Protein chains: 2
Amino acid sequence: MQGWEERLRSQGYRVTEQRADVLAAVLNLGHGTPEEILARVQVDSPRVNLSTIYRTLEVLEEVGLVTHAHLGHGSPTYHSVDEDLHIHLVCRSCGAIDSAPAVIAEPFCAALERDHGFSTDLGHMAIHGVCHACREDAAASRG
Amino acid sequence: MQGWEERLRSQGYRVTEQRADVLAAVLNLGHGTPEEILARVQVDSPRVNLSTIYRTLEVLEEVGLVTHAHLGHGSPTYHSVDEDLHIHLVCRSCGAIDSAPAVIAEPFCAALERDHGFSTDLGHMAIHGVCHACREDAAASRG
DNA sequence: GTATATGCAAAGGGTTTGCACGGTT
DNA sequence: AACCGTGCAAACCCTTTGCATATAC
């Protein structure tokens with residue numbers, strides 16, 4: 001994570017302590033909702049406000065330092081763009097979130113590109129369904 | 001769409017005019033957010049309340065007559081389970097929503113099942129990316 | 001007649017916005 | 001010095017909930 005300051009400045013944004021804090025929190029958490037990121041930032045900087053988190057995440061996303069994915073009903077989850085590209089498997093039964101390497105979706109993305117001219121944003125992809133554990137539980141309870 | 005009344009009754013729910021109205025609105029619209037469904041229902045039944053829409057959609061989903069998908073930041077979109085199974089392609093640039101037949105995702109789903117024991121709910125799937133038109137615009141503006 | 005469903009209004013969670021102050025350039 | 005970024009509070013949207021009345025069974 002070098003050059004994030006230049007990344008901001010080159011697009012006309014200023015470098016501030018809060019932006020550094022939010023970026024550090026995202027990197028540190030791996031994944032996080034705005035609330036979770038706020039909590040993390042407030043460990044060291046208690047005065048930072050939630051609205052700053054929202055505004056900062058928007059800027060960091062704009063300049064390409066973070067992205068977000070919608071994993072379900074609630075708040076979006078933010079993560080750094082540096083991480084290994086992965087897709088999220090959301091279990092509708094227990095709510096667990098598994099990760100799968102993005103390459104698993106590559107033939108599928110190729111088909112979308114070929115048939116629909118659609119360029120898929122893999123990092124944003126959340127797949128809903130039922131996880132392994134919950135399927136076993138269901139199978140067991142059926143006898 | 002026969003037997004929806006029995007579907008409700010068999011699970012202990014009552015058959016009401018509002019439930020009929022909401023189901024009809026969903027079928028009629030094809031897709032719709034709670035607000036859109038309300039607007040449709042209110043054409044004929046102006047007194048129906050938004051909270052009834054939410055409660056009714058929950059019941060109709062419970063008994064398997066409708067499902068919903070999360071297409072982005074806003075409200076979920078409901079549709080009948082009768083429709084051809086399809087996935088949604090959401091353009092992050094213009095917001096357009098395209099549909100693709102679910103079969104296009106079948107090898108991908110098979111891979112998730114094989115490698116992760118994960119059973120995908122195709123109807124719930126929303127894929128984010130950039131649509132054909134926006135990609136052409138972007139290419140054109142680059143010269 | 002009894003339990004469920006509805007309308008209404010109020011509360012709730014998450015996100016955005018207006019404004020004055022403070023910090024970066 | 002000029003402008004952008006921040007904290008704070010209020011506003012906003014979407015969704016849920018409490019309660020009295022109306023309706024299906």
Side-chain angles (χ1 to χ4, degrees), chain A residues 4-26 31-63 65-66 68-78 95, chain B residues 4-26 31-63 65-66 68-78 95:
Chain A
W4 61 271
E5 295 163 306
E6 289 66 34
R7 199 86 168 240
L8 283 167
R9 273 194 267 260
S10 70
Q11 308 215 24
Y13 294 107
R14 294 181 177 177
V15 174
T16 68
E17 197 170 333
Q18 288 90 334
R19 286 175 181 166
D21 289 348
V22 169
L23 183 55
V26 172
H31 294 280
T33 63
E35 290 278 358
E36 291 164 346
I37 293 164
L38 176 68
R40 180 74 189 214
V41 167
Q42 285 189 336
V43 170
D44 294 314
S45 312
R47 293 185 56 94
V48 172
N49 193 269
L50 184 53
S51 61
T52 298
I53 303 292
Y54 278 99
R55 289 190 274 227
T56 300
L57 287 170
E58 193 178 342
V59 169
L60 294 178
E61 185 154 31
E62 167 76 23
V63 302
L65 290 168
V66 305
H68 74 273
H70 292 276
L71 267 34
H73 294 236
S75 305
T77 297
Y78 285 81
Chain B
W4 61 273
E5 294 163 307
E6 289 67 34
R7 198 85 168 241
L8 282 168
R9 273 194 268 261
S10 69
Q11 308 215 23
Y13 294 107
R14 293 179 179 178
V15 174
T16 68
E17 197 169 333
Q18 288 90 336
R19 286 174 180 168
D21 289 348
V22 169
L23 183 55
V26 171
H31 295 279
T33 63
E35 289 279 356
E36 291 164 346
I37 293 165
L38 175 68
R40 180 74 188 215
V41 167
Q42 285 188 335
V43 171
D44 294 315
S45 312
R47 294 186 54 96
V48 172
N49 192 272
L50 183 54
S51 61
T52 299
I53 304 292
Y54 279 98
R55 290 190 273 228
T56 301
L57 287 171
E58 193 179 343
V59 169
L60 294 178
E61 185 154 31
E62 167 77 23
V63 302
L65 291 167
V66 305
H68 75 273
H70 291 276
L71 266 37
H73 294 236
S75 304
T77 299
Y78 284 81

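A, B, ... follow the sequence lines: proteins, then strands. Residue 1 opens every chain. What you see is a predicted model, and the numbers here were worked out from it, not measured in a lab.
B/Ile53 has its CD1 atom 15 Å from the P atom of D/dC14, to the nearest Å. C/dA9 atom P lies 11 Å from atom CZ of B/Arg47, rounded to whole Å. Rounded to a whole Å, the CG atom of A/Leu38 is 11 Å from the P atom of D/dC8. The CD-P distance, from B/Glu58 to C/dT6, rounds to 12 Å in whole Å. In this structure, the CG atom of B/Leu8 is 16 Å from the C1' atom of C/dA3, given to the nearest Å. Whole-Å rounding puts the A/Leu50 CG to D/dA10 C1' distance at 14 Å. For B/Arg19 and D/dT23, the CZ to P distance is 15 Å, given to the nearest whole Å. Counting to the nearest Å, the P atom of D/dG5 and the CG atom of A/Leu60 are 12 Å from each other.
Under 4.0 angstrom from either OP1 or OP2 of C/dG7 there lies at least one side-chain N or O belonging to B/Gln18.
Summarising the local packing, CD of A/Glu58 is surrounded by 12 or fewer heavy atoms from other residues, nucleotides or ligands at distances under 6.0 Å. Annotation for B/Glu61: atom CD counts as buried by contact number, over 12 foreign heavy atoms lying within 6.0 Å.
Residue-level contact check: B/Pro76 touches the backbone only, with heavy atoms under 4.0 Å from sugar-phosphate atoms and none from bases. Nucleic acid contact for A/Val59: none, since no nucleic acid atom lies under 4.0 Å from a heavy atom of the residue.
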Going 5' to 3' through nucleotides 17-25 of chain C and flagging B where a protein heavy-atom sits under 4.0 Å of the base, S where only the sugar-phosphate is that close, and - otherwise, we get BB----BBS
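Listed for the A/Arg40 side chain is no donor-acceptor partner under 3.5 Å among the backbone atoms of A/Ala24.
For B/Ile53 against B/Ile37, the heavy-atom pair with the smallest separation is CG2-CG2, 4.1 Å. The minimum heavy-atom distance linking B/Arg19 with B/Val59 is given by the pair NH2-CG2, 4.0 Å.
Applying the side-chain contact (heavy atoms from CB on, under 4.5 Å) criterion to B/Gln42, with sequence neighbours excluded, gives B/Leu38. Under the rule for a side-chain contact (heavy atoms from CB on, under 4.5 Å), the partners of A/Val63 that lie at least two apart in sequence or sit in another chain are A/Arg7, A/Leu8, A/Gln11, A/Tyr13, A/Leu65.
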